[in-house]
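A quick write-up on the structure given underneath.
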Number of protein chains: 2
Amino acid sequence: MTARHEQIAAELRRAIHREEYPVGAHLPAETELATRYGVSRGTVRQAVAALAAEGLIGSRQGARRVVLAPRRSQSFAELRSFAQWAQAMGRTATGRVVAHEYRPATAEDAARLHLPQGTPLLNVLRLRGLDGEPVLVERTVYADWISPAVEAVDPDCASVTQRLYEDTGLVFAHGEHVIDAISAGARDATLLAVRRTSPLLRVRRVTTTHDGRPVEWSDDRYRPDAVSFTVHNAIGHNPLMRTPAG
Amino acid sequence: MTARHEQIAAELRRAIHREEYPVGAHLPAETELATRYGVSRGTVRQAVAALAAEGLIGSRQGARRVVLAPRRSQSFAELRSFAQWAQAMGRTATGRVVAHEYRPATAEDAARLHLPQGTPLLNVLRLRGLDGEPVLVERTVYADWISPAVEAVDPDCASVTQRLYEDTGLVFAHGEHVIDAISAGARDATLLAVRRTSPLLRVRRVTTTHDGRPVEWSDDRYRPDAVSFTVHNAIGHNPLMRTPAG
DNA sequence: AAGTGGTCTAGACCACGGT
DNA sequence: CCGTGGTCTAGACCACTTA
């Protein structure tokens with residue numbers, strides 16, 4: 001059962017990608033779309049709001065909506081696991097556990113996972129790749145209440161997120177990401193097959209359940225020649241924030 | 001004249017920051033908020049949708065909305081206006097033009113600005129800082145139709161965006177950003193006072209008007225110890241990508 | 001079973017943009 | 001001026017969560 005406004009959004013998206021509405025062209029008026037699809041104006045507005053949030057179209061009061069880009073790129077609009085993202089890009093995600101061990105929670109672990117300092121926590125170092133080529137080193141710390149389920153996952157499993165969902169029903173609902181850059185350390189360099197001190201794109205993230213309970217936090221380091229992030233923003237609608245360090 | 005749904009969003013935002021609704025707590029039901037503010041349910045939904053987009057609250061069908069974070073998100077912070085962002089964070093933005101010259105449009109310039117290759121374009125190299133400390137090297141190429149106005153701007157002007165708006169009425173309405181990491185070159189290193197080859201956070205962006213016409217594009221390199229980016233995202237209840245293939 | 005959010009309708013008025 | 005998108009209302013039904 002798909003909502004009507006989603007069907008309409010999908011149809012408009014396809015039409016834009018098909019260049020039926022080329023870049024710079026106007027979309028039909030809301031009332032026009034409403035009669036065309038046999039729905040009320042409110043439903044049409046739900047649909048076009050989704051496209052606007054994706055940066056596909058722009059709008060101003062009084063003027064027709066304008067097609068901005070026929071993009072297919074993966075943005076941060078939706079939270080997705082590495083495996084899901086790779087699949088959406090038509091690539092194959094791989095992954096293997098390089099090391100895993102229990103360590104007492106550091107002050108940082110405790111703060112990010114809302115757990116008492118010193119709690120034994122599962123630390124996992126994973127190397128992940130696209131079509132066999134290594135692109136990402138992932139250092140993840142799991143909350144104590146989920147680590148048994150994580151340990152039960154095959155070390156070569158391509159999508160831990162999906163595995164955990166199937167096994168335990170756990171949903172990764174929210175993600176908070178901090179993006180910066182860092183020099184490759186010795187281990188990063190070896191695993192990613194780059195020179196030491198070469199620049200890596202780092203994402204430190206905390207993932208939580210629907211009710212905001214932290215599940216894991218991770219330090220992810222990407223080869224910047226293999227992966228980048230794209231964000232679209234508009235006046236009054238800005239999903240990305242720049243934050244000063246310290 | 002502020003829309004009622006924005007007033008309500010602002011009130012709820014303040015209440016969350018005041019920890020009237022602490023992290024993990026439930027927000028009142030939509031109908032409850034509707035009667036409290038004397039508006040219809042639709043208006044309440046517009047308000048809470050804004051908070052959800054900011055990552056302040058989460059929601060699922062059937063369950064009350066949950067407070068996720070008391071973050072003080074400067075949601076009006078403009079990614080493309082360094083000066084406005086700095087001001088919102090309570091910092092002082094500085095900027096000076098290091099070099100500027102006209103160069104024929106490269107293939108990349110032509111593609112990004114939708115202009116013919118070879119067109120003489122204004123290239124500007126700016127060094128920008130926070131509270132006097134250099135944090136960002138900006139290499140901007142302007143579309144030919146705006147460069148006269150850019151040349152008229154004071155080289156030490158802190159906010160070019162605002163200046164251009166005042167002078168010409170030009171609105172930077174949309175931005176498309178690609179984020180990765182890169183080694184500091186000799187010039188970057190000198191200007192930012194870091195070692196050569198040290199990692200920098202790079203943002204390549206294209207800024208457009210309301211109707212999608214490109215105004216400028218820029219290669220911005222940040223000191224990662226001074227500036228990072230944060231993104232909050234959620235698993236959308238709009239299964240846009242969840243539509244079955246075919 | 002009751003409560004809640006998600007979806008949808010069929011109206012209405014206003015502010016703004018373009019002609 | 002007319003057409004457009006932005007805002008708002010007062011209903012309705014359904015899917016889901018929770019107790």
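Residue numbers begin at 1 in each chain, while the letters A, B, ... track the order of the sequences. Worth saying up front: this structure is predicted, and the values here are computed from it rather than measured.
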Send over the distance from [X] [atom1] to [N] [atom2], rounded to a whole Å.
X       : N      : atom1 : atom2 : value
B:Leu27 : C:dG6  : CG    : P     : 12 Å
A:Tyr37 : C:dC8  : OH    : P     : 14 Å
A:Leu33 : D:dG5  : CG    : P     : 8 Å
B:Gln46 : C:dT7  : CD    : P     : 15 Å
A:Glu30 : C:dA10 : CD    : C1'   : 15 Å
B:His5  : D:dT9  : NE2   : P     : 11 Å
B:Glu32 : C:dG5  : CD    : P     : 10 Å

Task: Annotated protein contacts, base or backbone, on nucleotides 13-19 of chain C with a non-hydrogen cut-off under 4.0 Å, one of B, S, - each - done: --BBSS-
Task: Candidates B:Asp109, B:Thr140, B:Thr207 - the one meeting side-chain hydrogen bond (donor to acceptor under 3.5 Å, both in side chains) with B:Trp217 - done: B:Asp109
Can a side chain N or O of [X] be found less than 4.0 Å away from OP1 or OP2 on [N]?
X       : N      : result
A:Arg64 : D:dT4  : yes
A:Ser40 : C:dG11 : no
B:Thr31 : C:dG3  : no
A:Arg45 : D:dG6  : yes

- [ ] Applying side-chain contact (heavy atoms from CB on, under 4.5 Å), name anything that partners B:Val215, two or more places apart in sequence or on another chain.
- [x] B:Trp145, B:Ile146, B:Leu170, B:Phe172, B:Thr209
Open item on the list: A:Glu32: which residues meet the side chain to side chain donor-acceptor pair (under 3.5 Å) condition with it, sequence neighbours left out?
Closed with: A:Arg36
Task: Contacts of A:Arg139 that satisfy side chain to side chain donor-acceptor pair (under 3.5 Å) - sequence neighbours left out - done: A:Asp188
Task: Results of ring pair (Phe, Tyr, Trp, His ring centres under 6.0 Å) for A:Phe82 - residues two or more places apart only - done: A:Trp85
Open item on the list: For A:Ala29 and B:Gly42, find the nucleotide of DNA chain D closest to each by heavy atoms; which residue's nucleotide sits nearer the 5' end?
Closed with: A:Ala29
Task: A:Arg18: partners by salt bridge (charged side-chain N to carboxylate O under 4.0 Å, His left out), with sequence neighbours left out - done: A:Glu20
Task: Which nucleotide in D:dG5, C:dG6, D:dT7 has an atom nearest any side-chain atom of B:Arg65 - done: C:dG6
Task: Nearest to side-chain heavy atoms of A:Ala3, which nucleotide of C:dT7, D:dT9, C:dG5 - done: C:dT7
